[in-house]
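Excluded from the calculations below are hydrogen atoms, water molecules and symmetry mates; all remaining heavy atoms, backbone and side chain alike, are included. Chain naming here is simple, since letters A, B, ... match the order of the sequence lines and numbering starts at 1 in each. Given the structure is predicted, the values throughout are model-derived calculations rather than measurements.
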Amino acid sequence: MTDTPKLIAPRLPRGFEDRSARDIAAVDAMIARIRAVYERYGFDPVETPLFEYTETLGKFLPDTDRPNAGVFSLQDDDEQWLSLRYDLTAPLARYFAENFESLPKPYRSYRQGYVFRNEKPGPGRFRQFMQFDADTVGAAGPAADAEMCMMMADTMDALGLSGQYVVRVNNRKVLDGVLEGIGLGPADPARSLVVLRAIDKLDRLGDDGVRQLLGKGREDESGDFTKGAELGADAIGKVLAYTGASGQGEDLFGTLRGLVSGNARGEEGVSELEAMAALFAAAGYGPDRIRIDPSVVRGLEYYTGPVFEIELTFEVTNEKGQPVVFGSVGGGGRYDGLVSRFRKDPVPATGFSIGVSRLANALKLTGNLVASDVIGPVVVLVMDREAISDYQQMVAELRNAGIRAEMYLGSSGMNAQMKYANRRNAPAVVIQGSNEREEGVVTIKDMVAGLEAAKAFTDNAEMKAARPAQFSAPRTGLVEAVERVLRADGGAA
RNA sequence: GCCGCCUUAGCUCAGUUGGUUAGAGCGCUAGAUUGUGGAUCUAGAGGUCCUCCGUUCAAUCCGGAGAGGCGGUACCA
């Protein structure tokens, strides 16, 4: 009877984020900059929904009907499975295939939005996060891939990260050539995959760790054992020679051609890399911005040619000052097979994705995020409850003049109202008690100048008595007086 | 998924060798001669000591299981 109802703990599901006004403003600014670059390259926006039929996304567990590994799924009322999209590429493939008749080809589009992954979150890894993609569908040549790389570089520059990133480029065909050279490749897809995964860990485990993974396997510090690819010493040497191939230009291409000599697919890959390198050079993108790097593999099977990723070249530390291992903040490649799930004829495609959330997170930790505090509204204090209609009228006048303004709606005294205005980051407050009302004036306080002036006082009572940074204005001149304060504070930042 | 560590107020943490009313700092909400932000002073709110089961006269504390958090590792379209 008198039991209080059981309270629900207010808690954020793990792997998800709340975003403050400040975060939203910062990410919005990032998005606007990215969009401007994509637009300049001639890409058009397109938006698809958060849900797709699970089969569209291409994820089913073979032995169960429930598609739930890694994806958030639910069953529609007609019993079809729907899933939240886990990237923006599969939905694009669906959209392209479904609207094939009416779209221009090559089809160049960009889109930005949240994607969802139902897996263990970690620092910089969320279960809902934002990506910003661009893709060219229906263009087969390396020029389309090269354009993607250059656009990624330009985007990073536009985000104010000049000199702090590098776009690393490789070609899957070269890697396939190397694998075939040691008897793997299509002949042994399972072990090939183990090799790919091992190479992908080069940055974290180094040559020695990868050597173990290519051989018998590796035991990590928690005692967990990862089975290796069981390659012989000779084969391991070849793989590491490939991933370790350094230099740029003819030096590198010579080495690569030697490693895949006699393998048609591998040689084709080297030629594509050369073609892309020539385009980068012609357009003025040096190896400080875009670099050919054989250690880039980008995990997954669906890439069929060039692959690329953006790496931040500065160290990221968390709030406690510990270094944070940040994966790539963007990447992509050519995926000629993706649309073929929907159409018989093959459709070549290439594209890339920027992890907006992850990048924002990195920039936040390094202080590079272009975030300024959101400027709050002008707050009209409520000094006398009976005079509320007067205050409301002042707010209306300010709003009609295009000024962000509000009347204090709480029930506390003046002190609390000032604290409220402070916390809202209000640039000014409007005060009218009975004294002012009788004289037909209002008191305007400049909150920015006021805070500065208050630092000169050590005694609270003195500060209150001095009432710094405020002035009296005729009631009829309210808007003009407030505008003057806003201009003095720098207006919109 | 596997391995390790952790869980007491919103946050960071004390503490109780098993015993009546579990504490601090910060933060939060307010007050200090109609009426001034920071600093200061005063007061207040805020706890299933992660949950359940067991042992015990008695469990926040001991035992077991579970959940959650953190880290590593695997996977990552």
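- B:C76 atom C1' lies 5 Å from atom CD of A:Glu119, rounded to whole Å.
- A 3.5 Å limit on both hydrogen-bonding distances identifies B:G4 as the Watson-Crick or G-U partner of B:C70.
- Side-chain N/O atoms of A:Asn415 include one lying less than 4.0 angstrom from OP1 or OP2 on B:G37.
- A sub-4.0 Å separation between OP1 or OP2 of B:C76 and a side-chain N or O of A:Arg197 is present.
- Rounded to whole Å, the separation between the C1' atoms of B:U55 and B:G18 comes to 12 Å.
- B:A24 sits 13 Å from B:A45 when the P atoms are compared, rounded to a whole Å.
- The P atoms of B:A58 and B:C53 are separated by 15 Å, rounded to the nearest whole Å.
- For the pair A:Arg204 CZ and B:G72 P, the computed distance is 9 Å after rounding to whole Å.
- Among the nucleotides B:U34, B:G38, B:U36, the one closest to the side chain of A:Ile431 is B:U36.
- Taking the C1' atom of each, B:G54 and B:U42 are spaced 48 Å apart, rounded to whole Å.
- Here the two rings, on A:Phe132 and A:Tyr38, have centers that are under 6.0 Å apart.
- Taking atom P on both nucleotides, B:G15 is separated from B:C62 by 14 Å, rounded to a whole Å.
- Within 4.0 Å (heavy atoms only), A:Gln432 reaches no atom of the nucleic acid at all.
- Neither OP1 nor OP2 of B:G37 sits under 4.0 Å from any side-chain N or O of A:Arg467.
- Whole-Å rounding puts the A:Tyr86 OH to B:C75 C1' distance at 15 Å.
- Of the candidate nucleotides B:C75, B:G37, B:G31, B:C75 has the atom nearest to the side chain of A:Lys201.
- Atom CE of A:Met414 and atom C1' of B:A30 are 16 Å apart (whole Å).
- For the C1' atoms, the distance linking B:G44 with B:G27 amounts to 14 Å, nearest Å.
- Within the 4.5 Å cutoff, the side chain of A:Glu98 has no heavy atoms near those of the A:Tyr95 side chain.
- At least one side-chain heavy atom of A:Pro91 sits less than 4.5 Å from a side-chain heavy atom of A:Leu57.
- Relative to the ring axis of A:Phe100, A:Arg343 places its NZ or CZ within 45° and under 6.0 Å from the centre.
- Across all strands shown, A:Asp446 has heavy atoms under 4.0 Å from base atoms, whether or not it also approaches the sugar-phosphate.
- Between A:Tyr86 and A:Phe116, the ring center distance fails the sub-6.0 Å criterion.
- For A:Arg437, no side-chain nitrogen or oxygen approaches OP1 or OP2 of B:G35 to under 4.0 Å.
- Within the 4.0 angstrom heavy-atom criterion, base atoms lie near A:Gln470.
- Closest heavy-atom contact between A:Val374 and A:Arg404: CG1-NH1, 4.2 Å.
- Rounding to whole angstrom units, CG of residue A:Leu205 and P of B:G72 are separated by 13 Å.
- Atom CG in A:Leu213 sits roughly 11 Å away from atom P in B:U73 (whole-Å rounding).
- The interatomic distance linking A:Tyr420 (OH) with B:U36 (C1') rounds to 17 Å, in whole Å.
- When the C1' atom is compared between B:C76 and B:U60, the two are found 41 Å apart, to the nearest whole Å.
- When the C1' atom of B:C75 is taken as reference, atom NZ of A:Lys120 falls 11 Å away, rounded to whole Å.
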